[in-house]
Amino acid sequence: MRQLRFLQAMNEAYHQAMGADESVMIIGEDIRGGIRGETKGLHGAFGDLRVLDTPISEAAFTGFATGAALAGLRPIVQFQVPSLIYVAFDQLVNQAAKMRLMLGGQANLPITYTLMVSGSRGGNAGQHSDNPYPYLLHAGFKVVCPSNAYDAKGLMIQAIREDDPVVFIASAMSLPQKGPVPEEIYAVPFGCGDVKREGSDVTVIAIGHLVPEALAVAERLAQEKNISVEVWDPRSLLPLDREGLLKSVKKTGRVVIYDDTNRTCGFAAELSAIIGELAFSSLKAPIKRVTRADVPMPFNLALEAAVLPKPQQLEDAILAVRSYAHV
Amino acid sequence: MRQLRFLQAMNEAYHQAMGADESVMIIGEDIRGGIRGETKGLHGAFGDLRVLDTPISEAAFTGFATGAALAGLRPIVQFQVPSLIYVAFDQLVNQAAKMRLMLGGQANLPITYTLMVSGSRGGNAGQHSDNPYPYLLHAGFKVVCPSNAYDAKGLMIQAIREDDPVVFIASAMSLPQKGPVPEEIYAVPFGCGDVKREGSDVTVIAIGHLVPEALAVAERLAQEKNISVEVWDPRSLLPLDREGLLKSVKKTGRVVIYDDTNRTCGFAAELSAIIGELAFSSLKAPIKRVTRADVPMPFNLALEAAVLPKPQQLEDAILAVRSYAHV
Amino acid sequence: MSNIMPAPFARSLYYNMARIRQFENRVVTLVDDNEIAGVCHEYSGQEAVAVGICGALTTSDIVTSTHRGHGHTLAKGGDVGRMFAELLARTGGYNKGRGGSMHIADVGIGIFGANGIVGAGAPIACGAAHKFKAARENRVAVSFFGDGAINQGVLHEAMNLAAIWDLPVIFVCENNQYAISTPLKEVTILDPYVRAQSYGMPGVCVDGMDVEAVYHAALTATERARTGKGPTFIECQTYRYFGHYTGERHMKMNYRSQEELDRWKLRDPIKIWAARMMESGLCAQEDIEAIDAEVNIEIDRGVEFARSSPPPNPAEALDCMYAVPYPNTPAWGVEP
Amino acid sequence: MSNIMPAPFARSLYYNMARIRQFENRVVTLVDDNEIAGVCHEYSGQEAVAVGICGALTTSDIVTSTHRGHGHTLAKGGDVGRMFAELLARTGGYNKGRGGSMHIADVGIGIFGANGIVGAGAPIACGAAHKFKAARENRVAVSFFGDGAINQGVLHEAMNLAAIWDLPVIFVCENNQYAISTPLKEVTILDPYVRAQSYGMPGVCVDGMDVEAVYHAALTATERARTGKGPTFIECQTYRYFGHYTGERHMKMNYRSQEELDRWKLRDPIKIWAARMMESGLCAQEDIEAIDAEVNIEIDRGVEFARSSPPPNPAEALDCMYAVPYPNTPAWGVEP
Ligand SMILES: Cc1ncc(C[n+]2csc(CCOP(=O)(O)OP(=O)(O)O)c2C)c(N)n1
Ligand SMILES: Cc1ncc(C[n+]2csc(CCOP(=O)(O)OP(=O)(O)O)c2C)c(N)n1
Ligand SMILES: [Mg+2]
Ligand SMILES: [Mg+2]
């Protein structure tokens, strides 16, 4: 099959979704120019009224999308950098996320928010390295976090079709990754996790760009230490495929969560709490979280590496839960 | 000892802290008027330059406090309603919380943020019922959540003295509660949880205004069912008194977390994850979370009650973990 | 000017103002009787603003409203019964009892919702306006907000979007002189409408106690909007008769004086309009009384409807969160 | 005007501009050589703004800066060596290698930090200004921001606070015509300084390629601020020579033309000032060359200092987060 980069897969999803449905529009900063490429060609194909380059006014253009959705459009909102959601946080959390329930279900809000270059990308320091999905999960947004180009296209198509607000995490580390992507339009459904590698000793739950890293560690451990690691990718974090998750956990009884966001009240905590409550009797070892440390990203690359979750930590955690014996 | 309401204890803490230290100032909306009473008398006592009534500009006055702190003041920032932090979220999360690390420690930011009437107070619906501390914990803010008037005064004094940004949660349900409060100025240190009731069968970790509810349930279960429940109040959520927490958990081996914030990626998830990893071998039953449901608060009071964590749910959870037998 | 206004229309303005006034009076009673939970922000005194503006709108135009939203909703054609039912938190309410006073909406007739966050409705109106413009629909979006909102950043961002994209939006600033206890003159130097001008859009100021003046300003603005010329900002000088919200009557607040209140009440928008209609021969005293009586009945019936409407089922507390729910999503607070 | 400016001061303006220019040129080399990680937003072309404004400040005045912050920091008296050390992420850097280009600060000499979030520095400057006013200190706070920031709500909120409280703040809008690829004229109708006027403060527009013009505007503004008369807004028309950031050279961007760039370069702030100084007899060609050479040495030494400074210890990656850390706070990503 044809290989595309994650970024190209996003671009194709945009083109196909906008081509298929006149009500889809996109709004954000510098998207005509298409600095990174994910919006390339959209302005030429769909014009000024469906491809809106905005002033630096995130709060307003986020609210704008809410109003456009209430009036019948399906907006895509691009955040140039993930931490810009904070400037628009009221319009996200107090307005868009709450609107449907507050309205008693009178209207749908089919809005897709794209968080470009989520996570760290080497020396971007404190304000440009966040991976802020736990905030959005806590607020009740549907959130998808694709780990490869195929899932990126399919989850983007589904996000745009979904009749609720959805946040699409476009991880900095994933954007250049290549993978097979069908040419036709297709959707990856929400709430369907994916066993990216089967295994029987330990379940590793890896999120987004950490999935390939986890696969590499699993491969190495299989070869070097004969340990069978299952790598489970939730794909959509909310809704979460609990059934798939618990199936894997019940099989292995040993769990490591590999997640590149701040630790406290992060997504790894949520997964740990769910598993701890619902699969307690299957657990043969404590659930280990391997996450980002609880600080803004320091600029220095060695400090950055020290703050980020690392393959070595994952390996250590796998070995620890694998050798853990109930006392 | 003299009895004060939680709200009066806050007011006394403000007066004493401002009296003791000239650099303490307070800024917010309608604080001269003192609608609720927590800021009563401050303007008369300390004047225009230390008690600032602002326009409806939360983002700006939050940033203002950051600048004032960098220039040497110790600002208290009052949010009239907790969900107003979303309007100021960039100034909180991208600026104040990250500033010290980004500066390489060049300056301290001794700022206290007070979130008035946090939580639900009966029919205030979707935008006025949030208890948003998980967002702030995830962002790295120190957060205190006092459950009674004594702790309120002591934690407020400590918050104002602390050389870092601290969020003080003033729960709607706690504000009218009375309790003994010493007249002199005193601080309750951070990172020191409090066993509000000793017990040996089950540990209930209760947050803020749920502590009195948990105590009532514990009392009832002791009398009616002879179950010995320990009620542990973390008081400061970050820093967290892990030692105290784990001591209680290791004693009882059975845990219920009673927390009035949204469930997903909430504080209960974090506690569950910590305990699951660090006290795994002591656990005799799954850790149960009794939290708020994952929706904005519906207006109708019966729906509100259905969404909030309830004593009955706490009791059920205690009974369930108490009778749980490892299979 | 009144002589160029057809009598039925003039009377409808009166009718709509009287409806709001009586609605609010009943709200106060229902709050006192504990039939309404939470807080309500009464609109009394400001009726000419909502009614004058909405007089220039059709059902297909939309409005975004504020915490003080009853007046806008009624003026836009909201049903009294469904509004009371919402305030009483019943299933027959506009929002099925999920929204309450601060979120009442009827999306079907273009009421995109009251809003508990000051200023937050402005960009939402802009987005709807963009849809109208893009689809070449001849519709207008109106954003109501208070004088306090003029210092919220998002309002400025929204005004700029509307101006640069020539959106069919009308920004209506209800300057009732206070934001809770804070006088406008302490927190702004120039008048609100001056700020709008700095975005390159017309900003005007009208007497917000004069429904006719408001209506004519709205008419100019809607014509501008409908002909693709872009947004307008209308500041309406007005006053609220009650406290900031229902709770204020039980508090000692002294941010404004009785004399000031009395002075504004001399220019009561409903009385002024009744007098002017009669002067101009558009109706007689009996007509006014007939309208008042009619409204009275409507209010009674509305309360009756609301009281007879069943409350929502707590088992459905998580309904309405998503159009497409999934297993365990949204999650309850305990594992089922 | 130049003839009323003392020669040493005039030369210091030149010296500071040359320092910024050479600094940025070296930054580009270091980025290309992979000695600097992340991105840098070069200030070349805009030197007259930073230097003209900071020329009217003393060390005790403070500035808040932007993502394009090198120029402001240097003009405010920043040390070249410690700046390079920060860009090279060394312990000798201003922020001990924790901040990098977008967060360089020297709180001690009143540089409250570059900022990666557009507009975010404005309220921070206001808070510092309040401290100066409350403590009756004769100090001023300056907030630099780009033309793009004019559409961020928080900037408006901050301007209003400064205006109503007569804060000693100067808002400096560096209008370099673009926000990344977005031309200002597409996203705003009237000029930025007009908006400031709507808050009741003086708003002026000056030639941002003319250091003398900028300096005189700054002098007027600082005098106003220091005498308790409140804020001023200064728009400086300028241009950036490089792309939005270091990465742009490797991209095909066509939002602006080579002709436009060439036209602006004809009015290069450094060349213009050198010529004017010579015309006015404030210095000779040799003086200019001497300054250039001096700066050259300073830059070399700065890079040398930076390279010799040790990198931070990864075990200390969580340091600096809190003034008062606690056990496990901040937490590492794995249990220790
Ligand atoms: C962003 C925001 N800040 C503060 C509040 C709390 N609050 C509710 S209404 C109000 C005053 C609003 O004043 P104004 O806009 O003049 O409207 P009015 O109440 O006078 O109709 C305030 C401060 C809020 N709801 N939203
Ligand atoms: C609030 C916010 N929105 C968007 C960005 C991404 N961004 C970084 S710089 C920039 C352009 C800023 O333009 P301007 O203010 O004119 O400054 P200039 O780069 O021209 O100096 C943008 C959009 C950001 N950092 N912060
Ligand atoms: Mg008002
Ligand atoms: Mg610019």
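Values in this document were obtained by computation on a predicted structure and should not be read as measured data. We name chains A, B, ... by the order of the sequence lines, and we start the count at 1 in each one.
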Side chain, backbone, both or neither: which part of C/A125 has a non-hydrogen atom closer than 4.5 Å to chain A? neither
Check whether C/A317 gets within reach of chain A through its side chain, its backbone, both or neither, counting any heavy atom under 4.5 Å. backbone
Max heavy-atom pair count under 4.5 Å with chain C, selected residue of A/L238, A/D164, A/L49: A/D164
Please look at A/S23 and chain C and tell me whether the side chain, the backbone, both or neither of the residue comes under 4.5 angstrom of a heavy atom of that chain. neither
Tell me if the NZ atom of A/K98 is crowded by more than 12 foreign heavy atoms within 6.0 Å. yes
Check the angle between the aromatic planes of C/H244 and C/H41 and answer parallel, tilted or perpendicular using the 30° and 60° thresholds. perpendicular
Against chain C, work out which of A/E58, A/K142, A/E243 has the most heavy-atom pairs shorter than 4.5 Å and name it. A/K142
Taking every non-hydrogen pair under 4.5 Å, which of A/L52, A/T54, A/D48 racks up the most with chain C? A/L52
Can you say whether C/L167 sits under 4.5 Å from chain A via the side chain, the backbone, both, or neither, judging by heavy atoms? side chain
Check C/E137 with C/K131, please: is the shortest side-chain N to carboxylate O separation under 4.0 Å? yes
What about the rings of C/H72 and C/Y43, do their centers lie closer together than 6.0 Å? yes
Can you say whether A/L109 sits under 4.5 Å from chain C via the side chain, the backbone, both, or neither, judging by heavy atoms? neither
Most contacts with chain C, counted as non-hydrogen pairs under 4.5 angstrom, among A/G191, A/A65, A/A107, A/G140: A/G140
If you count heavy-atom pairs within less than 4.5 Å of chain A, which of C/R98, C/K96, C/H130 leads? C/H130
Contact origin within A/E22 toward chain C - heavy atom pairs under 4.5 Å: neither
C/E35 and C/R307 ion-paired at < 4.0 Å: yes
So, A/R242 and C/E335, do they make that salt bridge, N to O below 4.0 Å? yes
Does a side-chain N-to-carboxylate-O contact under 4.0 Å join A/D194 and A/K196? yes
Between chain A and each of C/T64, C/D319, C/N160, C/N115, count heavy-atom pairs under 4.5 Å; write down the option with the most. C/N115
With A/I160 as reference, evaluate A/L155, A/I76, A/I111 under the side-chain contact (heavy atoms from CB on, under 4.5 Å) test and give the passing residue. A/I76
Among C/T329, C/N328, C/I164, which residue forms the greatest number of heavy-atom pairs with chain A at distances under 4.5 Å? C/N328
Contact part of A/A88 toward chain C, heavy-atom cut-off under 4.5 Å: side chain, backbone, both or neither? neither
Answer with side chain, backbone, both or neither: which region of C/D106 has an atom nearer than 4.5 Å to a non-hydrogen atom of chain A? both
I'd like to know whether the aromatic ring centres of C/Y199 and C/H156 sit less than 6.0 Å apart in this structure. yes
Parallel, tilted or perpendicular: which fits the ring planes of C/H70 and C/F23, with parallel below 30° and perpendicular above 60°? perpendicular
A/S272 side-chain N/O to A/A268 backbone N/O, donor-acceptor pair under 3.5 Å: no
Cut-off 4.5 Å, heavy atoms of chain A, and the answer for C/I104 is neither
Check whether A/D163 gets within reach of chain C through its side chain, its backbone, both or neither, counting any heavy atom under 4.5 Å. both
Segment of A/L103 engaging chain C (4.5 angstrom heavy-atom cut-off): both
Give, for atom CZ of A/F64 and atom SG of C/C126, the distance between the pair rounded to the nearest 0.5 Å. 7.0 Å
Between A/L278 and chain C, which part of the residue has a heavy atom less than 4.5 Å away: side chain, backbone, both or neither? side chain
